[in-house]
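Notes follow once the structure below has been shown.
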Amino acid sequence: MRKIASKDLGMLPLKEKDRPIVRALLSAGCCARCILRFCCIGLQSAYRQSYEDLMNELQTFVSAGGCGKSHDVADHEHTEDPPCKRVKLDTVEGDTEVVPHAQAESDLDTAEPKVCVVCLGVLQHFCDKTFAKKVSEAVTAEGYQFDSLVLSVSLPAQLSVREHSTWLLVKKEVREKGLCLGKDDVIQVKEAFKWIMNGLVSQELCVPVLAKSLFEVSVGFTHPETDGDCHFLATTCSDCFKPAKNKQSVFTRMAVVKALEKITDENFRRQFPCPPKCPTTRCTAQDIQCLHVSVFVAGRYNKFSRTLPQTPWVIDGERRMESSVEELITAPLLSAFRSEGFNFSSSGREDVDVRTLGNGRPFAVELLNPHRSQFSKEEVRELQEAINKSSDKIRVRDLQIVTRDAVGHMKEGEEEKTKSYGALIWTQRPIEKEDIEFIKDIKELKIAQKTPLRVLHRRPLAVRQRVIHTMTARFLDAHHFHLHLRTQAGTYIKEFVHGDFGRTRPNLCDLMKTDTDILELDVESVDVDWPPAVGD
Ligand SMILES: *[C@@H]1O[C@H](CO)[C@@H](O)[C@H](O)[C@H]1NC(C)=O
Ligand SMILES: *[C@@H]1O[C@H](CO)[C@@H](O)[C@H](O)[C@H]1NC(C)=O
Ligand SMILES: [Zn+2]
């Protein structure tokens, strides 16, 4: 018996104990590759054989058991079936040739090209060179720069229901034979798909297809005909199916898997056919989706304009300022990286009327789904120059590509950092040089700031303690002087000067014993030692 089997089996490592399982699955309408999966065949090359060869081998295998001279006990129940009829085999996509071969019992009738009851055709019609070409062409058309990729597959949720139903069938078969098999040993559809397709896609695109990569190619399948398969689960586990904002259906794969873990075998069998019903259509492949992980670019910017907000200023859907720091910096980056979007962040921010001078303010831009991601130092320098030349309102230095983790440093310990400011102050009472001399003697002045009125609409009301480390004043005229401050980051300078109706205490009005206001403010330095300086 073993001899016949191994001779006929070609390369399939099937054992005698698999014969009843193969037989049951063939008659249930499983495709050849799903049968391998349920026989827990972990030999990847077995799945890569042509579908016809594989089906041939499987049918030879069952007929060897059914028609062979020696029967073992396990196959006894099937011996009444008519032996070895000649019928045609399933045909796969793009191949209309009918392959005749020896085939066994009538309940294994595969005369019609049938769509697999489990994988709904995924492992039959979408696991060949033709589909690999289709995927590769879609990827190539997107024009990404990549030197490896990861292939990910998303399957219709009902596939899990069908998998479960088929598993119950196999379990029954296995149990009757006194064998033992765990559900975890069954090879997943996704896994089998990748075993076949990774190599084929790799050949087409000439890059390795890996388990992990910065570049992800997603293939998704739907099968509307059987979408209703999942619905009965809602009554067995209402907790499992909660509407989620961005999901079209509550029957997500995760929710279905969870419900299947809870339902008893008896209850499942009562509500869902076992084996599953034969579908009349195969799955539909969705558009291929490509995604490259974000690239992060960091640098420091100067802002020389008092009419330029940091981010687009939109009130009631209408733009108030024609541009913004963010847009000026990101426009050349977006086009160079051919990115789909961005996420701009910086170490603090300045008001629209505040300039940022000195070494500039650290910033980082996350470029989302960049089609190009590799740039030489020289190319990054050219990008910086392009930003510099695009406007005289801003300049950028130390532009560089950084890691996602490094961006975290920018925000780390931001509160403890020091910032330096220059401010033009107006005083109500006329002053003389001597009136502002006391200012330089004030050190480590602790102030308490209630959330300023002007930001109350977007920040919670709180009292924040801040420290003004040092100040120096330079007399200009009877109502004006220049004030230089070194403060803890996060200090509201304007409020410290005018007092914000007493919400900042003490304030410059208290110290000067007259009303003071701030006419101009510049950030002179942001003492964050990131990103590192870039040499020429
Ligand atoms: C932008 O960055 C923030 C914080 O770093 C993050 O929470 C958010 O998800 C990002 N947005 C996108 C579209 O990646
Ligand atoms: C851009 O401007 C900054 C600030 O003036 C300067 O330090 C940097 O060298 C300039 N970079 C290029 C490439 O033009
Ligand atoms: Zn299948």
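Counting convention: from 1, in listed order, for ligands and their atoms alike. Only a predicted model underlies this, so the values are computations on that prediction, with no experimental measurement involved.
Within the structure, side-chain hydrogen bond (donor to acceptor under 3.5 Å, both in side chains) pairs that include any residue of residues 391-400 comprise N302-R397 (at least two apart or interchain).
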Checklist entry - What do the steps show when you test D229 against R162 for salt bridge (charged side-chain N to carboxylate O under 4.0 Å, His left out), and what is the final call? => result CA-CA 8 Å; D229 282 1; R162 290 176 163 260; 2.6 Å; yes
Checklist entry - Stepwise, does the salt bridge (charged side-chain N to carboxylate O under 4.0 Å, His left out) test hold for E385 with R381? => result CA-CA 6 Å; E385 196 174 342; R381 214 195 61 82; 3.5 Å; yes
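With a 4.0 Å cut-off on non-hydrogen atoms, I387 does not touch ligand 2 at all. Within the 4.0 Å heavy-atom criterion, both parts of E385, backbone and side chain, lie near ligand 2.
Considering backbone and side-chain atoms together, N302 places no N or O closer than 3.5 Å to any N or O of ligand 2.
Protein N, O or S atom count below 2.8 Å of the Zn ion (ligand 3): the structure gives 4.
Taking a 6.0 Å sphere around CD of E378, one finds it holds more than 12 heavy atoms contributed by other residues, nucleotides or ligands.
Closest heavy-atom approach to atom 14 (O) of ligand 2 within the set D398, N388, L383: this belongs to N388. Nearest residue to atom 9 (O) of ligand 2 from Q384, K389, E382, R300 is Q384 (criterion: closest heavy atom).
Looking at R361, R306, R355 one by one, the single match for salt bridge (Lys or Arg N to Asp or Glu O under 4.0 Å) with E350 turns out to be R361.
A salt bridge links K171 with D265: the closest approach of a Lys/Arg side-chain nitrogen to an acidic carboxylate oxygen falls below 4.0 angstrom. A salt bridge is defined here as a Lys NZ or Arg NE, NH1 or NH2 lying under 4.0 Å from an Asp or Glu carboxylate O, and R269 with E266 fails to meet this definition.
Taking the side chain as every heavy atom from C-beta outward, N359 and V526 never approach each other to under 4.5 Å.
Residue R381 has at least one heavy-atom neighbour below 4.0 Å for each of these atoms of ligand 2: 13 (C). Atom numbering of ligand 2 starts at 1 in the shown order; those under 4.0 Å from a heavy atom of R397 are 4 (C), 7 (O).
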